[in-house]
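What follows is one structure encoded as C-alpha cells, with my remarks underneath.
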2 protein chains.
Amino acid sequence: MVSIKDVATHAGTSFKTVSRVVNNDPAVREETRVRVQQSIEALNYRPNSAARMMRNQKSGVIGFISDEVVTQPYAGDILLGAQQVASEHDKILMVVNIEHNRRRRQQSLDMLLERRVEALVLASYFHREVEVPPELSSVPSVLVNCFDSQASLAAFVPDDEQAGFDATQLLVDQGHKRIALISLDPAIVAAQLRLAGYRRALLQAGLPFDAALVVQGEEELGMTPGNCNAETAVANLMALESRPTAIVCGKDEIAMQVYFLLLRYGIRVGHEMALTSFDNQRLIAPNLSPGLTTMALPHLEMGRAALRYLFSAEADNSTRLIPFSVIARESHLLKA
Amino acid sequence: MVSIKDVATHAGTSFKTVSRVVNNDPAVREETRVRVQQSIEALNYRPNSAARMMRNQKSGVIGFISDEVVTQPYAGDILLGAQQVASEHDKILMVVNIEHNRRRRQQSLDMLLERRVEALVLASYFHREVEVPPELSSVPSVLVNCFDSQASLAAFVPDDEQAGFDATQLLVDQGHKRIALISLDPAIVAAQLRLAGYRRALLQAGLPFDAALVVQGEEELGMTPGNCNAETAVANLMALESRPTAIVCGKDEIAMQVYFLLLRYGIRVGHEMALTSFDNQRLIAPNLSPGLTTMALPHLEMGRAALRYLFSAEADNSTRLIPFSVIARESHLLKA
DNA sequence: TTATTGTTTGTCAACGTTGTCATCCCACTC
DNA sequence: GAGTGGGATGACAACGTTGACAAACAATAA
C-alpha cells in the first residue's frame with residue numbers, strides 16, 4: 001500500500017508537507033500543493049485510517065447492534081434513519097447483526113469495542129424489553145425499539161398505547177359501536193399497550209368493553225413474518241350473536257389475512273366491515289383493496305431520534321415515546 | 001483508554017508479555033499468564049484494533065456497498081448471507097448504504113478504501129446493470145444481484161430466465177393452454193429474462209405465443225414497493241374474447257393486487273384462475289389465500305456465493321446464475 | 001564445576017499518521 | 001549590511017501493537 005512517504009518521495013518533499021496538503025493546511029505554497037496533489041493522484045494515495053485513528057485517538061465509528069433489524073422487512077428504516085443522522089455528523093455506522101445468538105453477540109460487542117466505537121446503538125426489530133450487557137456502560141449507548149427494565153439507558157420506543165387509541169378512535173369516529181380487536185401475542189409489549197389504547201378509546205367514547213370482541217391473531221412470539229394465523233380469531237368473531245362492524249387488527253399481516261377470511265362469510269372490507277391496523281408495511285397496506293388504513297411504525301424517526309440524542313450529549317436515561325403516524329387509506333371507511 | 005502498557009504496569013511485567021498473553025502465545029509461564037489475565041480483567045483492557053491493523057497491515061474488514069439492500073424488504077437476505085460466510089472466515093462486514101446518491105457513493109467508497117477493506121461487495125436491491133467505479137479494481141470485488149456490462153467483475157445474479165420458465169411450466173403442467181403474463185417494467189432486466197423464460201416454456205409445450213396475453217403491470221422502473229398497478233393489466237386480460245385461465249405475475253405485489261382485481265370480475269384465484277409469481281415475499285405470499293405459489297429469489301444464496309467466491313481466490317470474472325427455488329403453495333392449482 | 005540446552009522474559013523497531021517545535025529562506029526595515 | 005518578521009518546510013516523537021532478536025534464568029549433562 002502506498003503511504004504518505006511514498007508520496008513525499010515522488011513529490012520531492014518531506015512527508016509532513018504531504019500531510020499538510022492532505023489536511024488542507026493553508027501553510028503550503030500553492031506551487032508545492034499542486035505538485036503534491038499530482039503525486040497523490042499519480043500514486044492513487046489514500047490516507048490510512050488506522051494510522052489516523054491511532055494518532056487521533058478517535059475512530060469516527062458508531063456501532064449499531066441489531067438482532068435482525070436488517071433482515072426483517074419491518075425495521076430496516078431504523079438503520080436508515082440512524083445512518084442519515086450519523087453521516088450528518090461525519091460518523092459512520094458499523095452494523096452487526098446478532099441473530100439472537102448469545103455467543104455471537106458477545107463477539108460482536110467485543111469487536112466493536114476493540115474498534116473503539118464512540119457510541120453504541122442497540123436496536124430490536126420489535127418493541128420489547130432487552131437485557132443490556134454491562135459493557136455498554138463503557139461507551140455512550142442508546143436503545144431503539146427496545147428498553148431496559150433497569151432504565152439504565154435512554155430508549156426510543158414507539159408509542160403503542162397511543163397508536164392503539166388512534167386505530168380505535170378512527171373507527172369510533174365512523175360511528176361504530178361494536179369494534180373488535182385481533183391482538184398480537186399477549187406476551188409482547190406492543191400487544192399489551194395497543195390493547196390499553198383500544199380500551200381507552202372505548203372508554204372515552206362511552207362504549208362498553210366486551211371481552212368477546214378481543215381475540216388473538218397469533219400464537220408464538222410475534223412480529224416474525226408468517227407467524228400469524230387469524231383464522232380462528234375471525235371465526236370466533238363471526239360466531240358472535242352480535243358481530244362487530246369494525247376490527248382493529250394487530251398488524252398488517254393479520255389485516256391481510258382478515259380480508260380473505262371475511263370473504264368466506266360474504267363480508268367485504270370497506271363494505272360490511274371497517275378495518276384498521278398497525279405497521280404500514282409497504283408491501284402490504286397499499287396493495288390491499290381497499291387500501292389498508294394503518295398506524296405507521298415510526299422506525300425512521302426512532303433511528304434518527306436515537307442518534308440525535310447521542311450527539312446531543314444529554315444524559316437523560318428516560319424512555320421516549322415516538323408517535324406513530326396515522327396512514328388513512330380506505331379500509332376504515334364503509335362505502336354505501 | 002487503557003493500553004497494553006497500563007496492563008503491563010499493573011501486572012508487573014513488560015508489555016510484550018501482555019501481548020503474548022493476549023495472543024495466546026504458549027511461551028508464557030502459567031503463573032505469569034494468570035497474573036496478566038487478572039490485570040486485563042481488572043483494567044477492562046481491550047486491544048486497540050487500529051494499532052493491530054497498522055502493525056499487521058490487515059483490516060479484517062470487507063466492504064459491503066448497497067444501494068438500498070438494507071432498507072428494501074426485498075433484499076436484506078443478501079446481506080445476511082454475506083455476513084454468514086464472512087464471519088466463518090473471521091472477517092467482518094462494513095455496510096454502507098448509498099441511496100443512489102452519486103456523491104455519497106464516492107464518499108462511502110473512499111471511506112472504505114481508507115479503512116483498507118480487503119475486499120468489496122457491491123449489491124443491488126434488484127437485478128440490473130451497474131456502472132462499476134474504477135476504484136473497485138484496487139481491491140478484490142464482486143457484484144451481487146447486478147452486473148457490469150464490461151464483465152470486468154465476477155457477478156452473482158438470479159437466473160430469471162429459468163424462473164420465468166419454471167413459473168410458466170408449473171401452469172403448463174396443470175393443463176393450462178392460455179397462460180397470461182403480467183410483466184414488470186420492460187426496462188428492467190428481470191422483465192426481459194422472465195419473459196424469455198415464459199416464451200421458452202410455451203414453445204417447449206407446443207403452445208402458441210399470444211402477444212395479447214402479455215400485459216404490463218407496472219409503469220416506472222420496477223421493484224420499488226408500492227410502484228405497481230395491475231388494474232389496467234387485469235382489465236386488458238379480462239377484455240379478451242378468450243380469457244386466460246392462468247396468469248404468471250411479475251412479482252408478488254402484482255399477484256396480490258390481482259387477487260383483489262379478479263374479484264371484481266367474480267373470479268377467484270384457485271378456482272377460476274391459477275396464479276404463479278416471483279420473489280416469495282415473506283409478508284405477502286403466505287398471507288394470501290390461497291397461498292401464493294412463487295419463485296423465491298435466491299438472495300441468501302447469492303450473498304453466500306459471492307463471499308465464498310471472494311475467499312476462494314479465484315479470478316473468474318464471469319457472471320454466475322443462481323437458481324430460484326420454486327415455492328409451491330396453492331395458487332397454481334384449481335380446486336373443483 | 002562448567003557447558004549446554006530450553007524456557008521465559010524483555011528490548012527495540014516499525015507500521016502511517018499528525019502535533020510540536022525548530023529551521024530555513026526571503027523580503028523588508030533601519 | 002545587519003536585524004527582524006513571517007511564511008514555508010522539515011525533524012522528531014508519539015499513538016498501541018507485534019515480529020525479530022537478545023538476554024536472563026533454570027535445569028540438565030559432562
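All of these numbers come straight from a predicted model, not from anything done at the bench. So you know, we letter chains A, B, ... as the sequences are listed, proteins then strands, and number each from 1.
Between the CD atom of B:Glu31 and the P atom of D:dA26 there is a distance of 12 Å, rounded to whole Å. Between the CG atom of A:Asn23 and the P atom of C:dG19 there is a distance of 7 Å, rounded to whole Å. At whole-Å resolution of the value, NZ in B:Lys58 and P in D:dT17 are 19 Å apart. In this structure, CZ of B:Arg116 is placed 12 Å from C1' of C:dC15, rounded to the nearest angstrom. Look at CZ on A:Phe15: it is 15 Å from P on D:dT9, rounded to the nearest Å. Going from atom CG of A:Asn56 over to atom P of C:dT20 covers 12 Å, rounded to whole Å. As rounded to whole Å, 14 Å separates atom C1' of C:dT18 from atom CG of A:Asn24. When rounded to the nearest whole Å, the span between CZ of B:Arg52 and P of C:dG16 equals 19 Å.
The salt bridge (charged side-chain N to carboxylate O under 4.0 Å, His left out) contacts involving residues 89-98 of chain B comprise B:Lys91-B:Glu118, where partners must be two or more places apart or lie in separate chains.
Considering only side-chain atoms of B:Lys16, the nucleotide from D:dT18, C:dG16, C:dT18 that sits closest is D:dT18. The side chain of A:Arg29 sits closest to D:dT9 out of C:dT17, D:dT9, C:dT18. The side chain of B:Met54 has C:dG16 as its nearest neighbour among D:dG19, C:dT18, C:dG16. Looking at the side chain of B:Ala27, the nearest of the listed nucleotides C:dT11, C:dT8, C:dT17 is C:dT8. Nearest nucleotide to the B:Ile4 side chain, out of D:dT18, D:dC15, C:dG10: D:dT18.
Residue B:Ser19 is in base contact, counting any heavy-atom pair closer than 4.0 Å across all strands shown. Contact annotation for A:Val28: backbone-only contact, meaning every heavy-atom pair under 4.0 Å involves sugar-phosphate atoms and none involves a base.
Dashed line: the shortest gap from a side-chain N or O of B:Thr32 to OP1 or OP2 of C:dT8 is not under 4.0 Å. Taking side-chain N and O atoms only, A:Thr17 has no distance below 4.0 Å to OP1 or OP2 of D:dA8. Put simply, A:Gln57 has a side-chain N or O that comes within less than 4.0 Å of OP1 or OP2 on D:dG16.
Between the side chains of A:Asp67 and A:Ser124, at least one donor N or O lies within less than 3.5 Å of an accepting N or O.
Side-chain contact between A:Arg116 and B:Arg46 is present, with heavy atoms from C-beta onward closer than 4.5 Å. Using a 4.5 Å heavy-atom cutoff, the side chains of B:Glu135 and B:Gln106 are in contact.
Scanning atom types as modelled, one donor and one acceptor separated by under 3.5 angstrom connect the side chain of B:Arg20 and the base of C:dG10.
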Applying side chain to side chain contact (heavy atoms under 4.5 Å, CB included), run through A:Val85 and A:Leu310 and close with a yes or a no.
-> CA-CA 10 Å; A:Val85 178; A:Leu310 283 179; over 6 Å; no
